[in-house]
Amino acid sequence: AQSVTQLGSHVSVSEGALVLLRCNYSSSVPPYLFWYVQYPNQGLQLLLKYTTGATLVKGINGFEAEFKKSETSFHLTKPSAHMSDAAEYFCAAKPSGGSYIPTFGRGTSLIVHP
Amino acid sequence: GAGVSQTPSNKVTEKGKYVELRCDPISGHTALYWYRQSLGQGPEFLIYFQGTGAADDSGLPNDRFFAVRPEGSVSTLKIQRTERGDSAVYLCASSWGQGDTDTQYFGPGTRLTVL
């Protein structure tokens, strides 16, 4: 069965610092990969997704992620954190080739200090 | 608004009671998903509809849980004989249903508390 691991339930950064949120998947076949953000009392919003093609994916709000097959990773980064980036971030994976059901990681809470 | 809406936003019930949670998807979206999110966890898949039919209900934990989507739009998740362990945020999402790379759009969720 596919699984998604997000290292660190909480990540704390200073405003303006690099944001790095880690995600690893376990799958023999590279899946489709997604990052979602969840603000308090709101639904999950898609930040970016990788399906095929370029392994560096750019998303909204200045975030990007790189698919590394050799490391089974899909880490999320942003060069400079803003206070408004404070939220819960979820990585998800979905088997490629016909499945509609993603498996989500447990989430990482990003805390941004002024 | 044009997003996915869910009602109620909060529901408190007593153990053993029956509850219904409603999801209004984005107009035109043929695919609809229900998830459950427990505290400190990511969303966990429950059931997926394509149109009016449940295409995959493998995530429903037991027969106390049931969902319908009679006209291919609004969906209702029904929980019978609620248990304290059912307390969670129930999320609904919808998509165009055009393929497995579809983007799912999530509603804000219904927070269910079973006392």
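Below, read A as the first sequence line, B as the second, and so on, with proteins coming before strands; counting in each chain starts at 1. Quick caveat: nothing in here was measured; it's all calculated off a predicted structure.
Residue A:Y36 holds its OH atom at 6.5 Å from OG1 of B:T103, rounded to the nearest 0.5 Å. The distance from the CG atom of A:L46 to the OH atom of B:Y105 is 7.5 Å, given to the nearest 0.5 Å. Here the straight-line distance linking atom CD of B:Q37 with atom CD of A:Q38 works out to 4.5 Å at 0.5 Å rounding.
One hydrophobic cluster holds both A:Y50 and A:V37 under the rule that ILVMFWY side chains link at heavy-atom gaps under 4.5 Å. Put simply, B:F49 and B:V4 are part of two different groups of oily side chains (I, L, V, M, F, W, Y) that touch within less than 4.5 Å, one to the next. Linking ILVMFWY side-chain heavy atoms closer than 4.5 Å, directly or via other members, places B:V19 and B:V114 in a single hydrophobic cluster.
Using a 4.5 Å cut-off between heavy atoms, B:Q104 touches chain A through backbone and side chain atoms alike. Contact annotation for A:Y39: neither backbone nor side-chain heavy atoms come within less than 4.5 Å of a heavy atom of chain B.
More than 12 heavy atoms of other residues, nucleotides or ligands lie within 6.0 Å of CG in B:N10, so this atom counts as buried by the packing criterion. Counting non-hydrogen atoms of neighbouring residues, nucleotides and ligands closer than 6.0 angstrom, the CG atom of B:L39 reaches no more than 12 such neighbours. Residue B:F65 places its CZ atom among more than 12 non-hydrogen atoms of other residues, nucleotides or ligands, all under 6.0 Å distant.
The shortest heavy-atom contact between A:L44 and B:P43 is CD2-CG, 4.0 Å.
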*Go through the steps to decide whether A:I101 and B:Y33 satisfy the test side-chain contact (heavy atoms from CB on, under 4.5 Å), and finish with yes or no.*
CA-CA 9 Å; A:I101 311 305; B:Y33 310 78; 4.3 Å; yes

